[in-house]
Amino acid sequence: MTRTHRCGELRREHAGQNVTVCGWVDTKREMGALVFIDLRDIAGKVQLAFDIEKDPANHAAAKSMHGEYVALASGVVRLRDPKNVNPRLATGDIEIAVSRLELLNTAKTPAIEVRDDLKCDPELRLKHRFIDLRRQPMQRMLQGRAAMIRSMRASLDAQGFTEIETPILYKRTPEGARDFIVPSRAYPGQFYALPQSPQLFKQLCMVAGLDRYYQIARCFRDEDKRADRQPEFSQLDIEMSFVEREDVIALLEGVVRNFMRDLQQDVRFAHTGWPVVKAGEIKTPIERMTYETAMRDYSIDRPDLRSRELKLTELTDWAKTCSFNAFKQAAAGGGMVKALRCPGMAEAFSRGQIGNLERDAKGMGAGGLASLKVLDGKLDGAIAKFFPEAEQQSLLAACKAQPGDLLLICAHAKEKVVHAVMHHMRTLVAEKLGLLDPAKFALVWVIDFPLFEFKEEEEKLYASHHPFTLPQDLDLVRNMAQAARRSSEGSVIARLKAAGYSLEQVLGLRNNQYDLVLNGVEIAGGSIRMHRTDWQQDVFELVGITKEEAEKKFGFLMNALAHGAPPHGGIAMGLDRMLMLLMGLDTIQDAMAFPKSATGRDLMIDTPNEVEKKLLDELGIQFKPAP
RNA sequence: GGGGGCGUAGCUCAAUCGGUUAGAGUGCCGGCCUGUCACGCCGGAGGUUACGGGUUCGAUUCCCGCCGCCCUCGCCA
């Protein structure tokens with residue numbers, strides 16, 4: 001098969017050359033004595049021309065071709081007459097005068113059409129994925145994905161990283177997402193689990209002295225799917241020895257900058273319309289924001305800074321003395337009151353739309369959502385009458401409100417509820433204001449996360465990232481752990497209080513976690529790890545993990561750390577989600593070659609499915625039907 | 001696990017209040033056409049209305065169940 005070119009590569013400069021191309025019949029246009037066939041391959045389409053007078057045999061062969069037949073064509077590339085040029089085709093200046101047409105295979109009529117703007121049930125696309133992947137947008141996506149990974153490898157190889165594979169047959173981890181488990185034949189009743197991430201192995205690589213590890217790692221989580229979730233997905237997983245936070249951040253910034261540049265410079269993607277192509281170069285260093293600032297201004301730890309001017313205002317102190325009971329009670333009872341100033345939007349929402357906002361807020365647990373229009377120096381709206389003049393003025397001043405603005409205010413005894421509602425509102429308002437341009441890339445590092453979360457119901461501290469993350473104020477943490485150890489009476493937090501540490505002080509501790517956020521999506525997250533067992537045990541002490549538990553759950557890691565673990569840290573980036581943003585895709589399914597449906601099935605090969613009873617017997621497994 | 005939406009020709013969708021032979025566009029098959037490129041024109045085939053049950057003289061339409069897909073809350077680093 002002496003293919004000389006790909007169909008879509010042929011241009012004016014090939015005129016006069018004898019070429020051979022192969023591909024699929026895209027469309028056929030019969031004009032009696034003339035037949036035209038657009039032959040398609042991954043590079044694009046090219047027109048094949050047949051003339052009955054010049055070559056009756058090939059003309060007849062062309063007539064017998066049908067859509068999606070596979071063919072080989074040889075002939076001379078000739079310039080088209082100027083009036084016959086097709087400016088919509090990259091190869092539109094030329095055509096091939098075919099002197100040899102060979103049928104390589106016939107094809108059944110596909111269930112879905114091979115066209116760029118295909119609009120059909122996603123179920124069909126998944127069922128006939130090999131046809132769906134013939135479509136140019138899908139092929140470009142896969143090429144873009146490959147280009148991104150190639151660029152990542154190049155960046156990391158240049159920085160002295162070693163690509164290392166870690167096991168897929170892993171071990172069940174009780175916390176975190178549900179595991180997929182794999183029964184062992186050799187040990188009936190025992191199971192492997194598929195890794196949720198290679199976290200522990202990459203740390204072991206550091207202990208091994210491998211210095212700089214990376215992997216395009218497949219991760220598995222058996223949770224319910226979403227538009228941006230799949231049961232198996234890929235991460236760029238990185239771990240480095242003898243580094244601090246700034247080293248990891250700087251490294252990843254370089255990687256991201258490089259692959260964005262490489263995608264932008266690749267001519268194959270010039271006409272894809274992808275946001276990344278339009279986005280321009282990203283500026284490094286990338287902006288930083290503390291967790292505290294993110295929560296204060298945006299009520300979310302992954303703020304979408306395309307709408308950075310839409311900041312929230314905390315009104316809790318103001319509300320404590322205000323005249324409106326719903327606000328006052330929430331504020332006085334340890335809750336929170338926050339407002340979103342919607343600039344110039346006093347009339348932007350209809351009554352019904354405001355009603356929908358209130359319904360959303362209630363759906364998230366709030367009692368309601370207050371909306372107030374800002375008139376010339378005063379407020380208007382259902383609850384405006386509850387606020388005397390002075391309170392109205394102080395509210396307007398706090399929110400920096402202007403006439404014509406709309407204020408949305410949420411109050412609740414639980415901060416969590418207020419944050420959820422206000423983040424939702426901010427997103428809706430940003431959308432309505434047209435601020436969420438997918439071709440705008442707003443990157444931000446969120447840093448200084450809390451070390452612990454406190455669950456009141458259990459009166460217990462939890463590590464907010466994972467318990468292997470290095471605290472920032474290590475001395476303080478060690479002192480606290482020591483204080484907690486002095487007694488075994490009551491909860492950890494009670495013991496800390498008895499030793500003179502306040503809850504605020506404990507919750508004010510920060511860790512060495514860092515998340516990279518792009519347009520409100522967390523695309524990468526990592527941390528500097530604890531590399532000493534004594535430090536590790538201090539943190540375990542504070543989150544109430546006993547020595548025995550630690551030994552049972554993380555024994556092999558603790559043992560490894562005790563054998564000379566270097567200071568180390570790393571980060572992992574979600575490839576599929578990153579691709580969604582780069583390419584402006586709506587679902588994660590469109591960012592990978594062979595995705596599962598939202599119910600976790602592969603509709604093409606039809607799995608999961610039952611296996612033979614004999615196999616189950618061999619594994620010592622008996623299926624128990626649901627009651 | 002909860003809530004919602006969808007399922008009619010290969011595909012995208014119609015079908016009045018429950019009423020005649022379930023239509024259109026596109027694709028497919030065949031014919032005509034010497035410059036088309038979403039070619040055009042003519043003709044044709046193609047339906048267990050997802051599946052199962054119920055109400056009714058009569059069900060694509062109403063009710064129940066079930067399967068599948070999609071969204072969402074829970075869940076998920």
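Order of the sequence lines sets the chain letters (A, B, ...), proteins ahead of strands, with each chain counted from 1.
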Give a yes/no on whether any side-chain N or O of [X] is located under 4.0 angstrom from OP1 or OP2 of [N].
X: A:R29; N: B:rC39; answer: yes
X: A:T599; N: B:rC69; answer: yes
X: A:T27; N: B:rC37; answer: no
X: A:Q47; N: B:rU36; answer: no
X: A:Q235; N: B:rA77; answer: no

Going 5' to 3' through nucleotides 24-31 of chain B, assign each nucleotide B (protein heavy atom under 4.0 Å from a base atom), S (under 4.0 Å only from sugar-phosphate atoms) or - (no protein heavy atom that close). --S-SSS-
Under 6.0 Å from the NZ atom of A:K432, do we count more than 12 heavy atoms belonging to anything else shown?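 It does: A:K432 NZ has more than 12 such atoms within range.
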Quick one: A:D117 CG to B:rC11 C1', roughly how many Å, whole number?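 Spelled out: CG on A:D117 to C1' on B:rC11 is 13 Å.
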Watson-Crick or G-U counterpart of [N], or none if no pair lies under 3.5 Å:
N: B:rG23; result: B:rC13
N: B:rG40; result: B:rC32
N: B:rU61; result: none

If each of A:D38 and A:H465 is mapped to the nucleotide of RNA chain B with the nearest heavy atom, which maps nearer the 5' terminus, i.e. the 5' end?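 Comparing both residues, the 5'-ward one is A:D38.
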Map A:L118 and A:E30 onto RNA chain B by nearest heavy atom, then report which one ends up closer to the 5' terminus.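 Residue closer to the 5' terminus by nearest nucleotide: A:L118.
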Protein N or O to nucleotides 12-15 of chain B N or O, pairs below 3.5 Å:
| unit_1 | atom_1 | unit_2 | atom_2 | d |
| --- | --- | --- | --- | --- |
| B:rU12 | OP1 | A:D121 | N | 2.9 |

Heavy-atom donor-acceptor pair, [X] side chain to [Y] backbone, under 3.5 Å:
X: A:H59; Y: A:A33; value: yes
X: A:R80; Y: A:N84; value: yes
X: A:D237; Y: A:I216; value: no
X: A:R302; Y: A:E522; value: no

With no angle test and no hydrogens, is the base of B:rC37 tied to the side chain of A:R80 by a donor-acceptor pair under 3.5 Å?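 By the distance-only test, yes, there is a pair.
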Within residues 218-234 of chain A, which residues have any heavy atom lying less than 4.0 Å from an atom of RNA chain B?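 Hits under 4.0 Å, by residue number: A:R221, A:E223, A:D224, A:R226, A:A227, A:R229.
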Are A:F554 and A:F540 an aromatic pair by the rule of ring centers under 6.0 Å?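 Here the rings of A:F540 and A:F554 have centres that are less than 6.0 Å from each other.
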Looking at the rings of A:F201 and A:Y170, which for Trp means the six-membered one, are their centres under 6.0 Å apart?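 For A:F201 and A:Y170, the ring centres are under 6.0 Å apart.
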Where the side chain of A:L126 is concerned, which of B:rC70, B:rC37, B:rG68 is the nearest nucleotide?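 Of the candidates, B:rC70 comes closest.
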Give the nucleotide from the list B:rC69, B:rG10, B:rA38 with an atom nearest to the side chain of A:A111.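 Nearest to the side-chain atoms of A:A111, counting from C-beta on, is B:rG10.
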B:rG65 versus B:rC70 - spacing of their P atoms, nearest Å: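 B:rG65 and B:rC70 have their P atoms separated by 23 Å.
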Qualifying residue, where the test is side chain to side chain contact (heavy atoms under 4.5 Å, CB included) with A:D38 and the options are A:V46, A:T91, A:D26, A:N86: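 Going through A:V46, A:T91, A:D26, A:N86 one by one, the side chain to side chain contact (heavy atoms under 4.5 Å, CB included) with A:D38 is satisfied by A:D26 alone.
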